[in-house]
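Before any comments, here is the structure.
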Amino acid sequence: MISVTLPDGTVNEYAAGITAGEIVMDIEGRKHDCVAASVDGIHKDFSTILDSDCSVEGISGFTDDGIHILRHSAAHLLAQAITSLYPDAKPTIGPAIDRGFYYDFADLPDFSESDLKSVQKKMHEIARRNHTVERVECSESELSEMFSSNPYKMEIINDKLEDGAGSTIYRQGDWYDLCLGPHVHSTAKLMHVRLTSVSSAFWRGDQNREQLTRIYGIVEPTKESLKATMSAIEEAKKRDHRKLGKDLQLFHVDEDVGQGLILWTPRGATVRTCLQNFISEHLTRQGYHQVYTPHIGKLDLYRTSGHFPYYQDSQYPPLVEKDMMAKLANEGCSCGELSNMMAAGDIEGYMLKPMNCPHHIKIYSSQARSYRDLPLRLAEFGTVYRWEQSGEISGMTRVRGFTQDDAHLFVTEDQIAEEVLGCIELVQVIFKALGMTDYRVRVGLRDPDSTKYVGASEKWDKAEEACRKAASSLDVNWSEEPGEAAFYGPKIDFVVKDVIGREWQLGTVQVDYNLPERFDLKYKGSDGELHRPVMIHRAPFGSMERFCGVLIEHFAGKFPTWLAPTQIHVLTISEKQVEYGRKVTAKMKEAGIRVELDDGDDTIGKKIRMRRKFQPAYMLILGDDEVENNSVSIRARNGDQRAGVDFDTFLSELVEEIESKSATPSLVPPQNE
RNA sequence: GCCACCAUGGCUUAGCGGUAUAGCACCUCAUUGGUAAUGAGGAGGUCGCGAGUUCAAUUCUCGCUGGUGGCUCCA
């Protein structure tokens, strides 16, 4: 007999040799939703035989751990279906991921989304067969024999397994895969599966290696949860900033202008301006100086900074000076030669700036600086250009021209900690005001084994400690990531997820020992000696483009009143109220409200329907009653109403809501019916 | 950049080897209507661009541009 501790703390006696699954069934009953067992805290298959004392717990398919196992098993099911339909296809790897699972296949050419249906059908068919999923221990030679026709699996076996060590396979029906497990005990657990998309991936993420076909899917424990997940995905798609950007007329990208180059249309520009003004207020409060610098600079400047020619791949090509061009033409220089000269950095001209720092540095060094000038904080909504790969460009979140809410702080060694903290505070103030709580923070530290870093290691220790401290002052999850520091200093990154679960880096705070060195920056200390300042780069929101894109999704286009492109739409019921409507509109404009009047001859129902798509904070309905009482009827975004409000009262309440930057419109109390 | 898919008036979309649907938006007229579509009429497209096949291409083929999903990269 063995003693098994159950989740509620009781200890039961079982015959040795009982399986984990049998105990889970004993605890949870016959109709449980567990997919595997946790034995002494380690995830195990139900088939695991227990012959000594331990604790056992069922892992529900509704838990993070449980769904992970389901996904992994579903990946196997997918591979089984694919190999049965496409015998030449070779499964490579197929893990569970955050939002589902995928499997990469070699030799599955021309597979497209339209083929998913038949594969999914096959998966359901196999699932229904109720195959037992069986774990089998194999020796290295057995494995080599079983996977001899699959070079990818062989590569894993050769690379990952220690010499002579065996591993396990999981078998279901006539199919098996190299895997450590654990897995569900039967394919029947995998009925609620959907394949979602097809794309490609490189074997082992290496673009020099084979291109594989990757199939993505999701799986859920029950029919209901699958349905819920599917509709959540549908809902998320409606929030996509690319769709809302079009619907709400916030921005436009035109192929004649260029890929990844955002045209801010009036409504979007309004949102951006409001944000920039908001940020500017805080910059002033924190002692920043705002500056303006041009969009280009001489190549020499970027030679000094190190951007040119070393980061050519991610920059627009240089603008070659006219005289230089003419000279080269006279000399019969070919395009190939010109291109080689550019690559070598051996050319004169200008560059579209990929970063603002060199310009800001030149502002710093335009005067002799003393310790009394520090910290010097130079801020700019600075537009930069980077040559992102064409396949990477997406909406507003990945673009080729963007405006950073950039600043460079020139500080003494001793000021680093406090200034980093100041940067973090700014981020927090603004994230809080916008109700953005769903972000994570990465602290990039140096890799202790590498020598690529500039600056003395004592300095690094101090700066890294400052970053840790600053991060922990935040109310959010943060992680230390050794090896993720830039070569010139440690950094703090702010990362958010978009509606489809992709992560985007927004803000960053970076300590930099390198550029002050390269530009030979100095300040005179209290000791009368010249010292080297340290720079802090910070862009709390990254870029206005990406930030607004994320913000559109965050609010699902329903901006708080202070940010709404149009705050108020005034709708008249009939011609009789047009004059009053105009008066009210004019008064609001005078008060600085962004207001639009619809005095057309559509019915009120039609006007509401038409205006709704712009998601104004409020609509005002004006009929005879309102004209008579000098009042307005307020209609909130959700349809709730507040009628007969004196116009002046409404206006002062509205101004108050806007000035307080209230995150949610609150002029109409919620109505529960 | 790589792989797959996609591209029809402002938006959503039907369709096909014989130059093309429909809805909304837009314009005109009638209607003066209380909180998610009043009715009638009208205008608007060289079917992303360029080649090729064909008697004929929006429809087939190739190239380009742009988009979508991934991969890769990101000072």
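Heavy-atom basis, side chains included; hydrogens, waters and symmetry copies ignored. Since the structure is predicted, the reported quantities are computational estimates derived from the model, not experimental observations. Per chain, numbering begins at 1; letters A, B, ... match sequence-line order.
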Subject >> Distance, P atom - from B:C27 to B:G10, rounded to whole angstrom >> reply: 16 Å
Original post:
Just by distance, do the side chain of A:D405 and the backbone of A:F541 share a donor-acceptor pair under 3.5 Å?
Top reply: yes
**OP:** Could you tell me whether the side chain of A:R209 has a donor or acceptor atom within less than 3.5 Å of a complementary atom in the base of B:C2?
**Re:** no
Original post:
Within the modelled atom types, does a donor on one side and an acceptor on the other bring the side chain of A:T603 and the base of B:U31 under 3.5 Å apart?
Top reply: no
**OP:** Taking only the side-chain nitrogens and oxygens of A:R242, find out if one of them lies under 4.0 Å from OP1 or OP2 of B:G66.
**Re:** no
Original post:
Does A:N208 offer a backbone N or O that forms a donor-acceptor pair with the side chain of A:W203 under 3.5 Å?
Top reply: no
**OP:** Using the C1' atom on both, measure B:G15 against B:G9 and round to a whole Å.
**Re:** 16 Å
**OP:** Can you tell me, in whole Å, how much space there is between the P of B:C26 and that of B:C11?
**Re:** 15 Å
Subject >> Note: A:E419-A:R538 ion pair, threshold 4.0 Å (strictly below) >> reply: no
Subject >> P gap between B:A25 and B:U19, integer Å >> reply: 30 Å
Original post:
Taking the six-membered ring for Trp, are A:H360 and A:H408 parallel (under 30°), tilted (30 to 60°) or perpendicular (over 60°)?
Top reply: perpendicular
Subject >> Rounded P spacing from B:A20 to B:U58 in Å >> reply: 11 Å
**OP:** Quote, to the nearest angstrom, the C1' distance that separates B:U12 from B:U8.
**Re:** 12 Å
**OP:** For A:R398, answer base if it contacts any base atom (sugar-phosphate contacts may also be present), sugar-phosphate if it contacts only those atoms, and nothing otherwise; contact means non-hydrogen atoms under 4.0 Å.
**Re:** base
**OP:** Look at all strands and tell whether A:S633 reaches a base, only sugar-phosphate, or nothing, counting heavy atoms closer than 4.0 Å.
**Re:** base
Original post:
Quick check: does any side chain N or O of A:D512 sit under 3.5 Å from a backbone N or O of A:H537, one acting as donor and the other as acceptor?
Top reply: no
Original post:
Atom CD1 of A:I361 and atom C1' of B:A75: how far apart are they, to the nearest Å?
Top reply: 13 Å
Original post:
Stems in RNA chain B: runs of 3 or more consecutive Watson-Crick or G-U pairs, distances under 3.5 Å?
Top reply: B:1-7 with B:65-71, B:10-12 with B:22-24, B:26-30 with B:38-42, B:48-52 with B:60-64
Original post:
Roughly how far apart, to the nearest Å, are B:U65 and B:C49 at atom C1'?
Top reply: 7 Å
**OP:** Tell me whether the OP1 or OP2 atom of B:G1 has a side-chain N or O from A:S390 closer than 4.0 Å.
**Re:** yes
Subject >> N/O donor-acceptor pair, side chain A:Q577 with base B:G33, under 3.5 angstrom >> reply: no
Subject >> Aromatic plane relationship, A:Y618 with A:F650 - under 30° parallel, 30 to 60° tilted, over 60° perpendicular >> reply: perpendicular
Original post:
Does A:Q505 place a side-chain N or O at less than 4.0 Å from the phosphate oxygens OP1/OP2 of B:C74?
Top reply: no
Original post:
Relative to the ring of A:H307, is the ring of A:Y302 parallel (under 30°), tilted (30 to 60°) or perpendicular (over 60°)?
Top reply: tilted
**OP:** Using distance alone, with no hydrogens and no angle criterion, decide if A:Q567 and A:T561 have a side-chain donor and acceptor under 3.5 Å apart.
**Re:** no
**OP:** Examine the base of B:G70 for any acceptor or donor lying under 3.5 Å from a partner atom in the side chain of A:S197, and report the outcome as yes or no.
**Re:** no
**OP:** Fit a plane to each ring of A:Y439 and A:F494, take the angle between them on a 0 to 90° scale, and name the class: parallel (under 30°), tilted (30 to 60°) or perpendicular (over 60°).
**Re:** tilted
Original post:
Counting distance only, does the side-chain N/O of A:T213 pair as donor-acceptor with the main-chain N or O of A:L108 below 3.5 Å?
Top reply: yes
Original post:
Heavy atoms under 4.0 Å, any strand shown: does A:Q315 hit a base, just sugar-phosphate, or nothing?
Top reply: base
Produce the list of close N/O pairs, under 3.5 Å, pairing protein atoms with atoms of nucleotides 6-15 of chain B; give distances to one decimal.
none

